[in-house]
Amino acid sequence: MRSAPISLAEVEQNIIRLVEELEEHTEAFEVLAVDQAKKEARYKASWAKEYLAANGSIKERESWADYKLSDEHYAVKIADALLKAKKEKLNSLRTALDSLRTLAANVRAQT
């Protein structure tokens with residue numbers, strides 16, 4: 001719990017910290033996005049191969065391709081979930097930065 005009003009220096013320190021954190025998470029987002037895209041592209045290409053190599057009705061061929069590539073599909077889903085989680089973290093950091101900017105403006109106005 002805070003016993004004194006927040007100083008402009010404290011607000012600025014927090015802004016700097018969050019900007020650094022935002023940069024780190026933005027770089028990590030890029031890595032996750034590339035990984036997710038590669039996994040999805042490989043999955044789709046492999047799925048198409050399995051589908052075309054299978055015999056039977058359309059539904060049977062789709063089921064076969066799904067069955068054969070269930071691990072790859074899982075990897076794509078996990079990569080997608082990690083990408084979405086990182087995107088939410090970036091949004092959270094941007095919201096916190098916006099709040100601190102507003103707070104900084106209010107503290108400046110009071111001094």
Side-chain angles (χ1 to χ4, degrees):
M1 183 144 257
R2 188 170 271 289
S3 61
I6 193 165
S7 70
L8 189 55
E10 288 176 293
V11 173
E12 288 172 351
Q13 268 183 328
N14 282 321
I15 288 174
I16 291 168
R17 179 183 57 78
L18 286 177
V19 165
E20 289 170 355
E21 196 174 333
L22 183 64
E23 287 174 5
E24 290 172 23
H25 285 283
T26 299
E27 289 170 5
F29 179 83
E30 179 183 3
V31 171
L32 289 172
V34 169
D35 180 61
Q36 190 272 346
K38 286 178 181 178
K39 285 178 178 171
E40 186 173 7
R42 280 193 302 264
Y43 166 72
K44 286 183 176 184
S46 296
W47 191 92
K49 275 185 189 176
E50 289 296 336
Y51 176 83
L52 292 172
N55 295 318
S57 69
I58 291 173
K59 205 64 169 152
E60 289 170 333
R61 292 168 20 170
E62 288 173 346
S63 294
W64 178 253
D66 288 343
Y67 168 73
K68 289 288 284 184
L69 295 164
S70 61
D71 289 343
E72 289 84 350
H73 187 243
Y74 178 76
V76 169
K77 291 294 189 181
I78 294 298
D80 191 45
L82 290 172
L83 188 62
K84 287 177 182 175
K86 186 59 73 177
K87 191 173 189 177
E88 285 302 314
K89 178 65 176 178
L90 289 169
N91 288 335
S92 174
L93 287 169
R94 286 185 195 106
T95 300
L97 275 168
D98 289 343
S99 297
L100 283 171
R101 286 186 196 110
T102 300
L103 185 57
N106 290 340
V107 170
R108 274 193 295 272
Q110 292 175 1
T111 55

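Quantities reported herein were computed from a predicted structural model and do not represent experimental measurements.
If you take CG on Leu52 and CZ on Arg61, they are separated by 6.5 Å, rounding to the nearest 0.5 Å. To the nearest 0.5 Å, the span separating CD on Glu62 from CD on Glu60 amounts to 10.5 Å. The CG atom of Asn14 sits 9.0 Å away from atom CG of Leu103, with the distance rounded to the nearest 0.5 Å. Separating the NZ atom in Lys84 from the CG atom in Leu32 is a distance of 13.5 Å, to the nearest 0.5 Å. Interatomic distance, Ile15 CD1 to Leu100 CG, rounded to the nearest 0.5 Å: 5.0 Å.
The two atoms that bring Ala104 and Val11 nearest to each other are CB-CG1, 3.6 Å, heavy atoms only. Nearest heavy atom pair, residue Leu22 against residue Leu90, reads CD1-CD2, 3.6 Å. Between Lys39 and Ala79, the closest heavy-atom pair is CD-CB, 4.0 Å. Heavy-atom minimum distance, Tyr51 versus Ala65: N-CB, 3.9 Å. Here the closest heavy-atom approach between residue Val107 and residue Leu8 is recorded as CG1-N, 3.8 Å.
Cluster annotation: Ile78 and Leu83 are assigned to the same hydrophobic cluster (Ile/Leu/Val/Met/Phe/Trp/Tyr, side-chain heavy-atom contacts under 4.5 Å, transitive). When the side chains of ILVMFWY residues are joined at heavy-atom separations under 4.5 Å, either directly or via intervening members, Ile6 and Leu18 end up in a single hydrophobic cluster.
A salt bridge between Lys77 and Asp80 is absent, with no side-chain N of the basic residue lying under 4.0 Å from a carboxylate O of the acidic one. For the pair Lys89 and Glu21, the salt-bridge criterion is met [side-chain N within less than 4.0 Å of a carboxylate O].
Applying the side-chain hydrogen bond (donor to acceptor under 3.5 Å, both in side chains) test to every pair with at least one member in residues 66-76, sequence neighbours left out, gives these pairs: Trp47-Asp66.
Ser92 places no side-chain N or O within donor-acceptor distance of the main-chain N or O of Glu88, the cut-off being under 3.5 Å.
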(message) Is there a side chain to side chain contact (heavy atoms under 4.5 Å, CB included) between Glu23 and Val19? Walk through the geometry before answering.
(response) CA-CA 6 Å; Glu23 287 174 5; Val19 165; 3.8 Å; yes
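Exactly one of Lys44, Arg42, Glu50 qualifies for a side-chain contact (heavy atoms from CB on, under 4.5 Å) with Leu69. That residue is Glu50.
Put simply, the side chain of Thr102 does not reach to within 4.5 Å of the side chain of Asp98, judged on heavy atoms.
Cluster partners of Ile16: none. The rule joins Ile, Leu, Val, Met, Phe, Trp and Tyr whenever side-chain heavy atoms lie under 4.5 Å apart, and it links nothing here.
Around atom CD1 of Ile58, no more than 12 heavy atoms belonging to other residues, nucleotides or ligands sit under 6.0 Å away.
Judged as a side chain to side chain contact (heavy atoms under 4.5 Å, CB included), and not counting sequence neighbours, Lys49 has no contacts.
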